[in-house]
Amino acid sequence: MIAELECVVLDCPDPRELAGFYASLLGGEVDRPDRRWECDAEWSTLHTPGGLVLAFQRVAGYRPPRWPGQEVPQQFHLDFGVTDQERAHEEVLAAGALLLGGGDEERGWRVYADPAGHPFCLVGP
């Protein structure tokens, strides 16, 4: 092993807002003190209950991905496992997500965008 993953960083126009959105999905603590970085208007973090850290950095002139097209490519997306697809669907919409595609009902996934436009999937059992 060469390295250990410390966090996943998402570009966005408003780091604290996006950290709050993901906290509503995953739980955890927004901007918990951490020796590795300073949280401010340019950088916000979410320490999830499972130990993963998501970080959010402000980017001037941010352009959200355009799923499914590639004019502004998504470059990556996040998959979140859920036990109740319908309940999770309603909750992420209430938190500010936008449904992008119904996905594959047979395999149990749907595609959404977070408030900054990053695609993510809810994957059912």
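- Contact annotation: the side chain of Cys12 approaches that of Phe56 to within less than 4.5 Å [non-hydrogen atoms, C-beta and beyond].
- Evaluation of the salt bridge (Lys or Arg N to Asp or Glu O under 4.0 Å) test over residues 87-100, restricted to residues two or more places apart or in two chains, returns Arg87-Glu91.
- No side-chain heavy atom of Thr48 sits under 4.5 Å from any side-chain heavy atom of Tyr22.
- With contacts defined as side-chain heavy-atom distances shorter than 4.5 Å, the pair Leu98/Tyr112 does not qualify.
- Leu122 and Leu52 fall within the same hydrophobic cluster, defined by Ile, Leu, Val, Met, Phe, Trp and Tyr side-chain heavy atoms under 4.5 Å apart, directly or through other members.
- In this structure, the side chains of Phe120 and Leu25 come closer than 4.5 Å at one or more pairs of heavy atoms.
- Cluster annotation: Phe21 is connected to Leu26 through the hydrophobic network of ILVMFWY side chains, with a link wherever side-chain heavy atoms come within less than 4.5 Å.
- Leu46 and Leu78 fall within the same hydrophobic cluster, defined by Ile, Leu, Val, Met, Phe, Trp and Tyr side-chain heavy atoms under 4.5 Å apart, directly or through other members.
- Looking at Arg58 and Glu17, no side-chain N of the basic residue comes within less than 4.0 Å of a carboxylate O on the acidic one, giving no salt bridge.
- Counting only distance, with no hydrogens or angles, the side chain of Asp31 and the backbone of Thr45 share a donor-acceptor pair below 3.5 Å.
- Residues Asp114 and Leu10 have side chains in contact (heavy-atom distance under 4.5 Å, counting atoms from C-beta outward).
- Residues His118 and Tyr62 place their aromatic rings such that the two centres sit under 6.0 Å apart.
- Residues Glu42 and Gln57 form no side-chain contact, since every pair of their non-hydrogen atoms from C-beta on lies 4.5 Å or further apart.
- Under the 4.5 Å side-chain heavy-atom criterion for Ile, Leu, Val, Met, Phe, Trp and Tyr, Val9 and Leu18 are members of distinct hydrophobic clusters.
- The shortest side-chain heavy-atom distance between Arg36 and Val53 falls under the 4.5 Å cut-off.
- Linking ILVMFWY side-chain heavy atoms closer than 4.5 Å, directly or via other members, places Val59 and Val72 in two distinct hydrophobic clusters.
- One finds the OG atom of Ser44 at 8.5 Å from the CG atom of Asp14 (value rounded to the nearest 0.5 Å).
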